[in-house]
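The structure presented is a predicted model; accordingly, all values stated were derived computationally and were not measured.
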Amino acid sequence: QVQLVESGGGLVQAGGSLRLFCAASGRIFSIYVMGWFRQAPGKEREFVAAINWRPDTAYYTDSMKGRFTISRDNAKNTVYLQMNTLKPEDTAVYYCAAVRVLRPVVTPLDVDYWGQGTQVTVSS
């Protein structure tokens with residue numbers, strides 16, 4: 001069992017930065033691929049980024065490459081999402097996820113555990 005709690009969301013102006021945190025509980029955290037998804041109002045939940053347990057491999061959705069960086073600290077059971085050059089279209093609820101398999105595009109079907117989400121709002 002893995003429990004995930006996100007934090008770090010908030011309101012930021014376009015061009016600004018935020019860093020999201022995901023604190024995980026459970027001894028099996030270190031073996032999971034960890035990822036971030038987001039869901040905007042009226043839209044489906046979409047993949048943002050994922051990172052393997054080593055961590056030496058990460059994948060991003062194309063629109064976020066170069067702006068977002070996922071990282072993890074297994075000793076602290078924490079996953080991070082550094083978001084730079086934020087745009088209004090990045091506004092969404094961001095969810096941390098414990099994922100079974102790492103691939104270039106991770107789908108919600110690959111997720112075993114979800115966090116409750118944290119709101120990110122980017123104003124223009």
Side-chain angles (χ1 to χ4, degrees):
Q1 184 81 11
V2 176
Q3 294 182 327
L4 306 172
V5 179
E6 302 96 332
S7 61
L11 174 64
V12 63
Q13 289 188 333
S17 298
L18 279 176
R19 193 182 197 199
L20 303 185
F21 302 80
C22 173
S25 62
R27 290 178 293 176
I28 60 174
F29 166 82
S30 62
I31 69 171
Y32 264 106
V33 171
M34 296 301 298
W36 289 93
F37 286 73
R38 70 183 187 185
Q39 189 166 18
K43 295 187 176 181
E44 294 186 350
R45 193 166 297 191
E46 67 170 336
F47 171 65
V48 174
I51 189 167
N52 66 349
W53 67 272
R54 292 183 184 273
D56 59 6
T57 302
Y59 292 113
Y60 300 87
T61 292
D62 285 346
S63 63
M64 298 155 209
K65 287 179 182 177
R67 299 191 300 126
F68 291 9
T69 303
I70 188 171
S71 60
R72 68 189 291 170
D73 185 336
N74 290 335
K76 296 182 178 179
N77 278 14
T78 302
V79 184
Y80 309 93
L81 185 68
Q82 178 66 44
M83 306 186 294
N84 299 327
T85 319
L86 284 162
K87 306 174 183 180
E89 52 264 42
D90 293 318
T91 295
V93 177
Y94 283 71
Y95 296 91
C96 180
V99 182
R100 287 189 300 277
V101 61
L102 181 65
R103 35 172 154 245
V105 179
V106 178
T107 76
L109 295 176
D110 298 320
V111 176
D112 278 347
Y113 301 100
W114 293 100
Q116 84 289 349
T118 185
Q119 176 70 47
V120 171
T121 302
V122 184
S123 64
S124 56

Colleague: Taking atom types as modelled and ignoring hydrogens, do the side chains of D73 and T78 form a donor-acceptor contact shorter than 3.5 angstrom?
Modeller: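 D73 vs T78: no donor-acceptor pair found between side chains.
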Colleague: Does a sphere of radius 6.0 Å around CD in Q3 hold more than 12 heavy atoms from other residues, nucleotides or ligands, not counting ones at 6.0 Å or beyond?
Modeller: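 Counting neighbours around CD of Q3, 12 or fewer heavy atoms of other residues, nucleotides or ligands fall under 6.0 Å, so no.
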Colleague: What is the distance from atom CE of M34 to atom CZ of R72, rounded to the nearest 0.5 Å?
Modeller: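 Here the rounded value is 6.5 Å.
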Colleague: Any side-chain heavy atom of R100 sitting closer than 4.5 Å to one from V33?
Modeller: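 No, every pair of side-chain atoms sits at 4.5 Å or beyond.
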Colleague: Is there side-chain contact between V101 and R103, with heavy atoms separated by less than 4.5 Å?
Modeller: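 A side-chain contact under 4.5 Å exists here.
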Colleague: Any side-chain heavy atom of L81 sitting closer than 4.5 Å to one from V79?
Modeller: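 L81 does not reach V79 side chain to side chain.
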Colleague: Which pair of heavy atoms, one from V99 and one from G35, lies closest together, and at what distance?
Modeller: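 Taking V99 first and G35 second, the nearest heavy atoms are CG2-N, 4.1 Å.
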Colleague: Rounded at 0.5 Å granularity, tell me how far SG in C96 sits from OH in Y113.
Modeller: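 Output value for this atom pair is 13.0 Å.
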Colleague: Using the ring-ring contact (aromatic ring centres under 6.0 Å, His included) rule, collect all pairs that involve residues 62-87, keeping only residues at least two apart or in two chains.
Modeller: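 As it turns out, the ring-ring contact (aromatic ring centres under 6.0 Å, His included) pairs with a partner in residues 62-87, which skip direct neighbours, are F21-Y80.
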Colleague: Nearest 0.5 angstrom please: L86 CG to M64 CE, how far?
Modeller: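 Taking CG in L86 and CE in M64, the distance rounds to 10.5 Å.
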Colleague: Counting N and O atoms only, with roles assigned by atom type, does the side chain of T91 sit under 3.5 Å from a partner on the main chain of T121, one being a donor and the other an acceptor?
Modeller: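 Flag not set: sc T91 to bb T121 has no pair under 3.5 Å.
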Colleague: To the nearest 0.5 Å, what is the distance between CE (M83) and CZ (R19)?
Modeller: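 Going from the CE atom of M83 to the CZ atom of R19 covers 11.5 Å.
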Colleague: Tell me whether I70 is reachable from Y32 by hopping between hydrophobic residues (I, L, V, M, F, W, Y) whose side-chain heavy atoms are closer than 4.5 Å.
Modeller: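 As far as the 4.5 Å side-chain criterion goes, I70 and Y32 are connected within one cluster.
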Colleague: Rounded at 0.5 Å granularity, tell me how far CG in N52 sits from CG in L102.
Modeller: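 Spacing of CG (N52) from CG (L102) equals 5.5 Å.
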Colleague: Are the side chains of Q82 and S17 in touch, meaning some heavy atoms are under 4.5 Å apart?
Modeller: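 In contact.
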Colleague: So, R38 side chain and A92 main chain: donor-acceptor pair closer than 3.5 Å or not?
Modeller: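 Not confirmed, R38 side chain does not pair with A92 backbone.
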Colleague: Taking the six-membered ring of Y95 as reference, does the NZ or CZ atom of R45 fall below 6.0 Å from its centre and within a 45° cone about the axis?
Modeller: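 Verdict for Y95: a cation-pi partner in R45.
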Colleague: Using every non-hydrogen atom in the two residues, find where A24 and L4 come nearest and quote the distance to one decimal.
Modeller: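 Looks like CB-CD2, 3.6 Å.
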Colleague: Do V120 and V122 make a side-chain contact, defined as non-hydrogen atoms from C-beta onward lying under 4.5 Å apart?
Modeller: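 Of all side-chain heavy-atom pairs linking V122 with V120, at least one is under 4.5 Å.
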Colleague: Is there a continuous path of hydrophobic side-chain contacts, each under 4.5 Å between heavy atoms, that joins V12 to L20?
Modeller: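 Yes: a chain of side-chain contacts under 4.5 Å links V12 to L20.
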Colleague: Mind checking the CG-CH2 spacing from D112 to W114? Nearest 0.5 Å is all I need.
Modeller: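 Going from CG on D112 over to CH2 on W114, the span is 10.5 Å.
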Colleague: Using a strict cut-off of less than 4.0 Å between a Lys/Arg side-chain nitrogen and an Asp/Glu carboxylate oxygen, indicate whether K87 and D90 qualify as a salt bridge.
Modeller: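 Here K87 does not pair with D90 in a salt bridge, since their nearest N and O are not under 4.0 Å apart.
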Colleague: Please identify each residue that fulfils ring-ring contact (aromatic ring centres under 6.0 Å, His included) with F47, with sequence neighbours left out.
Modeller: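 Here the qualifying residues are F37.
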Colleague: Would you please test V106 and Y59 for side chain to side chain contact (heavy atoms under 4.5 Å, CB included) and show each step?
Modeller: CA-CA 9 Å; V106 178; Y59 292 113; over 6 Å; no
Colleague: Does V111 form a side chain to side chain contact (heavy atoms under 4.5 Å, CB included) with L109? I'd like the steps, not just the answer.
Modeller: CA-CA 5 Å; V111 176; L109 295 176; over 6 Å; no
Colleague: If you compare all heavy atoms of P88 against all heavy atoms of S124, which two are closest, and at what distance to 0.1 Å?
Modeller: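 So the minimum-distance heavy-atom pair works out to CG-CB, 3.8 Å.
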Colleague: Considering only heavy atoms from C-beta outward, does the side chain of Q119 approach that of E6 to under 4.5 Å?
Modeller: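 In short, these two side chains do not touch, never coming nearer than 4.5 Å.
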Colleague: Minimum heavy-atom separation for V93 and G117, please, with both atom names.
Modeller: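 Shortest heavy-atom separation between V93 and G117 comes out as CG1-CA, 3.8 Å.
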